[in-house]
Amino acid sequence: MGNDPLLSGHITWIVVLIVLIKVIVAFIALMISVLLAIWIERKVISDMQNRIGPNRAGPFGLLQSLADGIKLFFKEDLIPERSDKFIFKLAPYLSVIPAFITFTLVPVGGIVHIFGHTTELQVADPPIGILLLLAMSSISVYGVMLAGWSSGSKYPLIGSVRASAQMISYEAAMGLSIASVVLLTGSLSTRDMVTQQLGTFLGFIPHWNIIRLGVIPFIVFIIAITAEVNRPPFDLVEAEQELVGGFHTEYSSIRFALFYLAEYMNTITMSAIMVTMFFGGPDGPDPQFLHWLWPIAWFIVKTAIFFFIYVWFRAALPRLRYDQLMDLGWKVLIPVMLVWLLVVAAMRVSRPLGFAMVGLGIIGGLLLYRAIAVGRDRSTARELARPSRAEIEPPQDRREDHGDS
């Protein structure tokens, strides 16, 4: 049942009521966060591009996201004639539901007292929390894949095939970065990960995992999770110039809105997961009043910073080619994280062994880079040595073009 003190004793109807309240509050908070996140993204990108952005619906355009959602809800819901109708209707929910379940694993605050019971500001704290996160990430792949396959059209199918290859590839790097956190923490519980990061080094340096593990796992995780949630510059699954709109081309009305909602829910949720695993979660300075409020405030501030980084990526970075995307995942992130995982394990055993692993990793990385460079140079040389079509085909008689004259 987890480490929540609410569930450690006898389960009464008040305990069930508190759990239901936490679920409803988490869902409402996540939905409001999505509406604000869409508005913030549109405002920030418009400011970076010297535009105004939404400014009509509500003060400063705050109600624009709500207006767009109402419009999508009342639009006509079209189902392609050649589609698999059951799978076509099911696919959006396979993207939305895992995003919300993942958010329930995030500790957003400390311990509070409700109706005479003590509970954590977290919907669920299962002992296998991180494994549940990986499971939900895998299920969301099915939502995208089945959406493209069931549409009965070629362009969504191409987008879904890209999505499955991309998400599975980067899930390996993401899993290795999470494994380094689990190895250091010694637990799969997200609450235990936050607890292990309490305190400071030398009285002022936070005891966060980004410092204890080195920056490498965090960098690998943020790159991998950006590709996992199909955010720019890794949004190849919905590249408009090639695929019209990607895997959701045939979707309209509320079903399209569910995919749109899932993207932003995943972005907010993964920002919260990064805060939980690497930046102490709700941990922060306590001004010694309103003790229950400050952890929530620090958690919101940290999550908002990471969401801004996602918006910054979208506004500043160009989209990668698909071969560059796969090369980054398989040839860079996975080897780097494999070596760093060995370094973390060696450091847990012995510091000299850990530094020896760092040296071996650098040497192995240089050899791997050299091998890839030699292979690329040989491939380029073969391409240049191959005769062109103009050299193979004989020149045509010019009189055929200009007549007998």
Side-chain angles (χ1 to χ4, degrees), residues 27-28 30-39 41-42 45 53-54 56-58 61 63-103 136-168 227-232 234-269 314 319 322:
F27 180 75
I28 294 174
L30 188 56
M31 293 299 295
I32 294 175
S33 300
V34 168
L35 293 177
L36 290 176
I38 296 173
W39 175 81
E41 182 173 64
R42 296 175 72 176
I45 291 179
R56 297 301 181 98
L63 299 180
Q64 185 64 53
S65 301
L66 180 62
D68 292 339
I70 294 173
K71 179 191 71 173
L72 285 171
F73 190 85
F74 288 101
K75 285 177 71 71
E76 183 181 3
D77 185 18
L78 301 176
I79 299 179
E81 182 180 352
R82 299 175 61 184
S83 66
D84 187 316
K85 294 180 175 53
F86 176 76
I87 302 298
F88 186 83
K89 296 176 182 179
L90 176 66
Y93 299 99
L94 292 179
S95 294
V96 173
I97 294 175
F100 175 68
I101 293 177
T102 304
F103 184 76
M136 292 300 105
S137 176
S138 300
I139 291 176
S140 63
V141 177
Y142 285 98
V144 175
M145 182 66 198
L146 293 177
W149 173 81
S150 63
S151 295
S153 178
K154 294 183 177 61
Y155 287 116
L157 180 61
I158 295 173
S160 63
V161 171
R162 282 186 177 183
S164 59
Q166 173 180 323
M167 297 170 80
I168 291 172
E228 188 76 10
V229 299
N230 301 323
R231 290 281 301 182
F234 303 111
D235 57 337
L236 272 298
V237 300
E238 47 189 64
E240 292 87 355
Q241 71 271 23
E242 309 162 34
L243 302 175
V244 184
F247 61 92
H248 52 61
T249 299
E250 301 293 342
Y251 282 85
S252 61
S253 185
I254 191 63
R255 303 189 200 281
F256 171 78
L258 288 176
F259 280 116
Y260 196 72
L261 179 68
E263 177 183 339
Y264 283 90
M265 287 176 68
N266 276 316
T267 304
I268 295 170
T269 299
R314 181 168 195 159
R319 180 181 288 140
Y322 198 74

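Count residues from 1 along the sequence. Just so it is clear, the structure is predicted and the values come from calculations on it, not from any experiment.
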S.K.: Once you measure the plane-to-plane angle for Phe27 and Phe100, does it fall in the parallel (<30°), tilted (30-60°) or perpendicular (>60°) bin?
M.R.: perpendicular
S.K.: Let me confirm one number: the CG-CE distance from Leu157 to Met145, rounded to the nearest 0.5 Å.
M.R.: 6.0 Å
S.K.: Please assess Ser252 against Asp77 for the test side-chain contact (heavy atoms from CB on, under 4.5 Å), listing each intermediate value before the final yes or no.
M.R.: CA-CA 6 Å; Ser252 61; Asp77 185 18; 4.1 Å; yes
S.K.: Taking Gln64 for its side chain and Arg42 for its backbone only, find out whether a donor-acceptor pair lies under 3.5 Å.
M.R.: no
S.K.: Looking at CG of Asn266 and CE of Met136, how far apart are the two atoms once the value is rounded to the nearest 0.5 Å?
M.R.: 11.5 Å
S.K.: Looking at OH of Tyr264 and CE of Met31, how far apart are the two atoms once the value is rounded to the nearest 0.5 Å?
M.R.: 14.0 Å
S.K.: Determine the minimum heavy-atom distance between Pro98 and Ser140, stating which atoms define it.
M.R.: CG-N, 4.3 Å
S.K.: Give the intermediate values and the outcome of side-chain contact (heavy atoms from CB on, under 4.5 Å) for residues Tyr251 and Leu258.
M.R.: CA-CA 10 Å; Tyr251 282 85; Leu258 288 176; over 6 Å; no
S.K.: Nearest 0.5 Å, please: how far is NZ in Lys71 from OG in Ser253?
M.R.: 11.0 Å
S.K.: Nearest 0.5 Å, what's the CG-CD1 distance between Leu66 and Ile38?
M.R.: 10.5 Å
S.K.: What do you reckon, is NZ of Lys85 surrounded by more than 12 foreign heavy atoms closer than 6.0 Å?
M.R.: yes
S.K.: Determine whether more than 12 heavy atoms belonging to other residues, nucleotides or ligands lie under 6.0 Å from atom OH of Tyr142.
M.R.: no
S.K.: Looking just at side-chain N and O atoms, do Ser83 and Glu250 make a donor-acceptor pair shorter than 3.5 Å?
M.R.: no
S.K.: Mind checking the CE-CD1 spacing from Met265 to Ile97? Nearest 0.5 Å is all I need.
M.R.: 9.5 Å
